[in-house]
Amino acid sequence: MSRFTTRFMRLPRFDVVALGVTTAVALTACGAGSDTGEAARASATPQGVVSQATAKKITDNYEKVNNQANAGQDEKLLATVEAGQVYAMDEATYTLFPTWSESDRKAYSKPFYYQDRSYVIPEKGTATWFAVQATANEGDHDSVLLVFDKVDGTYKMVLSLWADDGQPLPKLAVDEHGLAEAVDPATKVGPLAPAEVGAAYEDLFATGGTKDGKSLASTELVQQAVKTYQDSSTKGTADGIATKRFFAKTPADTSVYALRTADGGVLAMFPTAHNQESLVKEAYRSSRSLVPSDGQSALGAIRGDVITDVLEGQGMAELTATAARITAIGWQQVDSR
């Protein structure tokens, strides 16, 4: 996933924000000593899901292959290092690429690199995944939190969450061996479990937050989603000749990841998705129709009374005993009919 992607989400009349990132902890490798006592102690020392060296190698390979795939919009090549929600979003980005301006295409194809990395590695046996905190070498050097999970026997990136404003997130909890604590996504933390955050967020678009969304603290991202619901409910779309409604859907990948924070809370990393339906009002159907944008057309939409856009997203939230705060969201339109 290119950093450019998060800046240029091509969504129909839909604002995109990607905020927030977590702090991470550099881990040190544990090695066995030369005598029997040291070897025994080393074997008893908890090990990470991967070593720091392996995490670096995986990230290096992703960086190399991702740049190659972006340069030629090669989705098959990208699939060798990406999976899950982030791949669903990037695959659509490649489809939309020809509709962009020349300057946008050039910016997207430019190689970029992850620098200032720290590896956040849970203990082996408690998780199958690890995370990487880094900054981009281009632009304003925003921070990013990458999640790599094992898919069909190979570690691939499955989430990529960028911070646009540099807001710090809670310090992560680590044990005496420098290992992070993975949390079961089904475990309740205050009002919500990590696995419930996506549904609560989608409720903001569907009802304005009158149901599950009531459990979310009123952050800027929550307020923006509620405003989107309010505007669509009162103004519709296409200069008022059509209604606009949102319907939550199952994300391309339902995997949720969570880490314990130093204050006892949890940092949740989750997928989110919905359908956005634009429907010409009955009074206008004999004389008016919806005309898809270039992006919608590239994804399959045709002129008619209704256009349904499919949006896939990813987000991050801080969960404590008293609050659930959405701190990062990124979107990509992936289909249009």
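- Heavy-atom neighbours of K106 NZ from other residues, nucleotides or ligands within 6.0 Å: at or below the threshold of 12.
- Proximity of a side-chain donor or acceptor of T327 to a complementary backbone N or O of M316 within less than 3.5 Å is detected.
- Two rings, from Y155 and F130, have their centers less than 6.0 Å apart.
- Side-chain atoms of L204 and Y229, non-hydrogen and from C-beta on, never get closer than 4.5 Å to each other.
- Although no hydrogens or angles enter the test, the distance criterion places no donor-acceptor pair under 3.5 Å between the side chain of K244 and the main chain of Q276.
- Side-chain polar atoms of S289 and R303 form a donor-acceptor pair below 3.5 angstrom.
- For V120 against A180, the heavy-atom pair with the smallest separation is CG1-CB, 3.6 Å.
- A donor atom on one side chain and an acceptor atom on the other are found under 3.5 Å apart for D309 and Q296.
- Scanning all heavy atoms of the two residues, the minimum distance from L192 to A324 falls at CD1-CB, 3.9 Å.
- Other residues, nucleotides and ligands contribute only 12 or fewer heavy atoms inside 6.0 Å of the OH atom of Y284.
- Remark: R337 CZ is packed, more than 12 non-hydrogen atoms of other residues, nucleotides or ligands lying under 6.0 Å away.
- No more than 12 heavy atoms of other residues, nucleotides or ligands lie within 6.0 Å of CZ in R245, so this atom counts as exposed by the packing criterion.
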Determine whether L146 and Y114 satisfy the following criterion, side chain to side chain contact (heavy atoms under 4.5 Å, CB included), listing intermediate values before the conclusion.
CA-CA 10 Å; L146 314 171; Y114 298 114; 3.9 Å; yes
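- Considering all non-hydrogen atoms of both residues, A238 and L290 come closest at CB-CD2, 3.8 Å.
- No donor-acceptor pair under 3.5 Å is formed between the side chain of Q73 and the backbone N or O of T95.
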Side chain to side chain donor-acceptor pair (under 3.5 Å) between E75 and Y87, worked out
CA-CA 9 Å; E75 61 187 49; Y87 179 71; 4.8 Å; no
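- Looking at I307, T243, I241 one by one, the single match for side chain to side chain contact (heavy atoms under 4.5 Å, CB included) with L279 turns out to be T243.
- Separation of atoms CG (D335) and OG1 (T308) is listed at 9.5 Å; rounding is to 0.5 Å.
- The minimum heavy-atom distance between V49 and E123, with the atom names listed, is CG2-O, 3.8 Å.
- The aromatic rings of Y94 and Y108 lie perpendicular to each other, with more than 60° between the two planes, well past the 30° mark.
- Closest approach of T80 to T154, counting heavy atoms only: O-CG2, 4.4 Å.
- For K64 and D60, the salt-bridge test fails: no basic side-chain N is under 4.0 Å from an acidic carboxylate O.
- Using a 4.0 Å cut-off between charged side-chain N and carboxylate O, K249 and E312 make a salt bridge.
- In this pair, H274 and F205 present their aromatic rings tilted. The plane angle is within the 30 to 60° band.
- Counting only heavy atoms from C-beta outward, the side chains of L267 and L145 approach each other to under 4.5 Å.
- Shortest non-hydrogen contact noted between L179 and P46 is CD1-O, 3.8 Å.
- Between W100 and F97, the ring planes are tilted. Angles from 30° to 60° get that label.
- Within the 3.5 Å criterion, the main-chain N or O of D253 finds a donor-acceptor partner in the side chain of Q85.
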